[in-house]
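Lettering of chains follows the sequences in order, A, B, ..., and the numbering in each one begins at 1.
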Amino acid sequence: MGQTIAEKIFDSHLRDEPFAGTKVLNLDRVLCHEITTPVAIADLEWRGKDRVFDSSKIKAVIDHVTPSKDSKTALQAKMLRDWARRHKLQDFFDVGQNGVCHALFPEKGYIRPGFTVIMGDSHTCTHGAFGAFAAGVGTTDLEVGILKGVCAFREPATIRVNLEGALPQGVYAKDVILYVIGQLGVNGATDRVLEFVGPVVDAMTMEARMTLCNMAIEAGGTCGICMPDMVTVNYLWPFIQDDYASKEAALEDFKRWHSDADADYDQVITFDLSSLEPQVTYDYKPDCVKPVGQMAGTAVDQIYIGTCTNGRIEDLRIAAAILKGKTIAPTVRGIVSPATPRIFRTALDEGIIQIFMDAGFCVTNPTCGACLGMSNGVLAEGEVCASTSNRNFNGRMGKGGMVHLMSPATAAATAVAGVITDARTM
Amino acid sequence: MEKIFKGAAIFLDRSDINTDEIIPAKYLTEVTKEALKPYLLEDLKLDGFDPKGEKLKNARVVVSRQNFGCGSSREHAPWVFEVNGVHTIIAESYARIFRQNMFNGGMLAIELPKADIDALFAMDAEGDVSIAVDVDAQVITARCGADERKFNFAISEFDKALVKAGGWVEFADARY
């Protein structure tokens with residue numbers, strides 16, 4: 001019997017199996033941000049165990065509320081900052097260099113095929129786009145990861161999701177993952193790895209694959225995962241060119257992480273996406289999804305383009321192409337948050353920031369910002385936001401607010417029209 | 001903190017109770033577990049439930065239905081139970097990360113079949129219920145007046161070891 005990519009990563013990282021079915025894995029990356037890490041730091045201090053297992057494998061960023069908005073968030077940032085300095089973390093990103101964790105860390109080349117990655121953040125599944133096993137965990141798992149470099153998981157069962165056909169013009173990775181979540185349900189992948197394969201994935205950029213894997217958790221999945229290929233090699237090449245004689249050699253090496261043809265799957269699901277429509281959520285769960293046509297005309301108050309789902313340069317380019325030469329409706333306010341400083345700079349160089357500002361958008365610094373209603377862009381009671389983020393829970397972006405999840409293209413078209421609009425009609 | 005797996009039970013008769021209801025996101029700027037204490041179940045949508053009531057204040061065990069603790073990965077949800085003296089939750093099923101977070105903190109997230117959960121709710125309809133958990137014997141004893149009932153439960157060896165050790169930090173620190 002062959003193995004899935006998740007099983008191969010588990011086998012290669014197995015530190016201990018204290019009991020049947022419990023796999024304790026060695027970790028390649030422990031990623032930290034300022035919301036869930038400070039309590040782990042304080043607990044380690046209280047226990048007299050203020051140590052880190054490997055200062056080169058732990059990466060930290062202040063991203064959720066930055067620059068700090070009040071004394072409490074300033075303390076969270078300070079605790080992370082002081083800890084990173086105390087332990088001489090090689091990679092810590094503070095105000096000026098910081099960005100949304102799941103965009104920043106891949107951009108720095110920290111995530112590689114076959115890696116094990118944890119973070120105290122449920123959207124850690126994003127990093128599976130590189131052929132890594134990446135899982136969101138609680139603060140105690142994070143604390144043990146920091147101290148010992150290990151984390152315990154159950155044996156990974158995998159759902160293989162075949163994405164067949166070719167995406168129509170104007171339909172994007174965000175539409176694909178919203179559709180898949182709608183089909184699986186919010187509990188459809190609980191305790192499972194979602195392995196995305198097929199021609200639609202093959203044709204995707206790394207940015208698109210990150211969007212796809214980012215929302216695996218919204219179906220309950222432990223991790224989303226894509227097989228590493230030449231797209232992966234090309235993205236990582238600046239970071240790995242000294243390790244391999246050629247890109248072909250890197251690809252050959254990465255192929256050891258491909259699932260075997262005779263691997264055993266919990267489920268195999270196939271979707272033909274050749275006639276997929278852009279997707280938009282309704283209600284307060286991410287599996288409440290409809291084609292954009294059925295949501296068209298819904299009035300909104302705010303447009304939010306950014307986040308770990310859709311704040312990358314490709315997303316901004318798609319939105320800017322629709323916004324160019326237009327202005328947003330007078331009834332809405334637009335907010336765009338480039339996810340990292342590098343994305344911000346590139347958007348500046350390409351004239352994308354100019355297009356957003358000419359259209360009437362507010363451009364913020366890289367931050368998680370409005371997505372979880374912790375800093376800027378909070379909704380008032382009864383307000384509606386068209387958002388490229390990943391959660392539409394009741395109160396997510398502010399108590400009494402409603403969030404409709406959609407692609408950057410749909411969000412840009414909605415900004416211009418003031419109501420939910422199919423970008424393909426503009 | 002010493003964990004106690006017995007005492008007065010409070011019954012939350014709803015499925016899909018999420019971590020936002022258990023501890024709203026606006027309190028995630030706190031950096032200590034104790035600071036969360038006043039906010040337990042502040043936003044729970046459940047008829048007749050009072051987050052400031054004596055019933056919750058006195059509770060040491062929570063009994064609920066399916067998919068308990070769904071939503072975000074925040075460990076603040078188990079912590080707010082912990083600092084309020086609730087170290088045992090009994091439900092039909094859990095979201096993965098919440099369940100792991102409970103055992104990682106040396107607390108119990110016990111799964112019982114629907115029939116047993118129904119039987120516990122039936123006892124609650126008769127009067128105040130107290131529950132005691134024997135982790136070694138894997139038996140729950142529920143008492144309501146003179147009525148006493150016992151329920152066997154399953155728990156993995158790993159989860160049992162975490163509870164015995166006092167949590168994942170203690171287990172991992174002793175072993176790795």
Side-chain angles (χ1 to χ4, degrees), chain A residues 15-16 18-22 24 35-36 38-44 47 49 53 64-65 69-73 75-76 79 119-124 135-144 147-154 186-187 190-191 217 220 222 372-374 391 393-396 399, chain B residues 15-16 18-21 24-36 43 45 66-67 69-79 82 93-107 155-162 165-176:
Chain A
R15 168 75 164 269
D16 185 22
F19 304 98
T22 300
V24 177
I35 300 297
T36 52
V39 182
I41 295 168
D43 194 62
L44 287 169
R47 293 171 186 273
K49 296 180 188 300
F53 86 104
H64 274 57
V65 184
K69 65 171 180 172
D70 58 14
S71 299
K72 285 184 175 178
T73 53
L75 176 60
Q76 288 180 309
M79 288 177 75
M119 184 171 193
D121 189 284
S122 61
H123 293 107
T124 306
V137 297
T139 290
T140 300
D141 274 333
L142 181 71
E143 183 176 339
V144 171
L147 184 63
K148 299 290 180 180
V150 298
C151 193
F153 292 95
R154 291 183 179 181
V186 291
N187 277 330
T190 300
D191 276 321
I217 183 70
T222 305
L372 72 168
M374 282 193 82
R391 287 214 168 117
F393 293 163
N394 181 21
R396 172 79 176 177
K399 197 173 179 76
Chain B
S15 290
D16 304 318
N18 67 57
T19 52
D20 278 281
E21 296 178 293
K26 61 189 172 191
Y27 302 122
L28 302 187
T29 57
E30 300 294 349
V31 294
T32 68
K33 299 178 186 180
E34 278 299 324
L36 304 171
D43 281 354
K45 289 176 80 170
Q66 292 177 11
N67 197 29
C70 61
S72 96
S73 66
R74 69 189 66 155
E75 198 159 321
H76 307 68
W79 291 337
E82 180 182 2
S93 62
Y94 298 88
R96 178 187 73 88
I97 301 177
F98 178 85
R99 188 187 155 285
Q100 190 63 51
N101 286 344
M102 284 291 287
F103 285 107
N104 278 351
M107 298 189 287
I155 180 172
S156 76
E157 289 304 308
F158 181 55
D159 290 340
K160 191 184 272 193
L162 291 179
W168 172 228
V169 179
E170 288 79 357
F171 181 94
D173 196 44
R175 194 170 171 107
Y176 304 111

Item checked: Atom pair OG1 (B:Thr29) and CG (A:Leu75), whose distance is rounded to the nearest 0.5 Å -> 9.5 Å

Next item on the list: State, yes or no, whether a side-chain contact exists between A:Val137 and B:Gln100 at a heavy-atom distance under 4.5 Å.
Entry: no

Note to self: With chain B as the partner, which of A:Val150, A:Asp191, A:Asp141, A:Val65 has the greatest number of non-hydrogen pairs under 4.5 Å?
What the structure shows: A:Asp141

Notebook entry, point to check: Can you tell which of A:Leu372, A:Thr73, A:Asn187, A:Ile35 has the highest number of heavy-atom pairs within less than 4.5 Å of chain B?
Noted result: A:Asn187

Next item on the list: Against chain B, label A:Pro18 side chain, backbone, both or neither, depending on which of its atoms sit under 4.5 Å from a heavy atom there.
Entry: both

Notebook entry, point to check: Would you say the side-chain atoms of A:Thr140 and B:Glu75 include a donor-acceptor pair closer than 3.5 Å?
Noted result: yes

Next item on the list: Please name the pair of heavy atoms, one in B:Glu30 and one in A:Gln76, separated by the smallest distance, quoted to 0.1 Å.
Entry: O-NE2, 4.0 Å

Check: Hey, what do you get for CZ (A:Phe153) to CZ (B:Arg96), rounding to the nearest 0.5 Å?
Finding: 6.5 Å

Item checked: chain A interface, residue from B:Asn18, B:Val169, B:Asp43, B:Ile97 that has the most non-hydrogen pairs under 4.5 Å -> B:Val169

Item checked: Nearest atoms (heavy-atom pairs only) where B:Ala172 meets A:Val144 -> CB-CG1, 3.6 Å

Next item on the list: Decide yes or no for A:Val39 and B:Trp79: does some side-chain heavy atom of the first lie under 4.5 Å from some side-chain heavy atom of the second?
Entry: yes

Item checked: Within 6.0 angstrom of A:Lys399 NZ, more than 12 heavy atoms from elsewhere -> no

Note to self: Let me confirm one number: the CG-CZ distance from B:Leu162 to A:Phe19, rounded to the nearest 0.5 Å.
What the structure shows: 8.0 Å

Checklist line | Toward chain B, the part of A:Thr139 with a non-hydrogen atom under 4.5 Å | finding: both

Notebook entry, point to check: If you count heavy-atom pairs under 4.5 Å with chain B, which of A:Leu147, A:Asp16, A:Val186 comes out on top?
Noted result: A:Asp16

Next item on the list: Taking the side chain as every heavy atom from C-beta outward, state whether A:Arg391 and B:Ser72 have any pair of such atoms under 4.5 Å apart.
Entry: yes

Notebook entry, point to check: Which one of A:Thr36, A:Thr190, A:Ile217, A:Val24 has the most heavy-atom pairs closer than 4.5 Å to chain B?
Noted result: A:Val24

Notebook entry, point to check: Can you name the nearest heavy-atom pair linking A:Lys148 to B:Tyr176, along with the distance?
Noted result: NZ-O, 2.9 Å

Margin query: At a 4.5 Å cut-off on heavy atoms, which part of B:Asp173 comes close to chain A: side chain, backbone, both, or neither?
Written below: both

Checklist line | Point-to-point distance, once rounded to the nearest 0.5 Å, from CD of A:Glu143 to CH2 of B:Trp168 | finding: 12.0 Å

Item checked: chain A contact via B:Phe171 - which portion, at a heavy-atom distance below 4.5 Å -> side chain

Notebook entry, point to check: If you look at every heavy atom in A:Ser122 and B:Ser73, which pair is closest and at what distance?
Noted result: N-OG, 3.7 Å

Item checked: Full working for side-chain hydrogen bond (donor to acceptor under 3.5 Å, both in side chains) between A:Asn394 and B:Asp20 -> CA-CA 9 Å; A:Asn394 181 21; B:Asp20 278 281; over 6 Å; no

Check: Could you give the distance from CG (A:Asp43) to OG1 (B:Thr32), rounded to the nearest 0.5 Å?
Finding: 12.0 Å

Notebook entry, point to check: With only heavy atoms counted, which part of A:Ala152 is less than 4.5 Å from chain B, the side chain, the backbone, both or neither?
Noted result: both

Notebook entry, point to check: For B:Leu28, is it the side chain, the backbone, both, or neither that has a heavy atom closer than 4.5 Å to a heavy atom of chain A?
Noted result: both

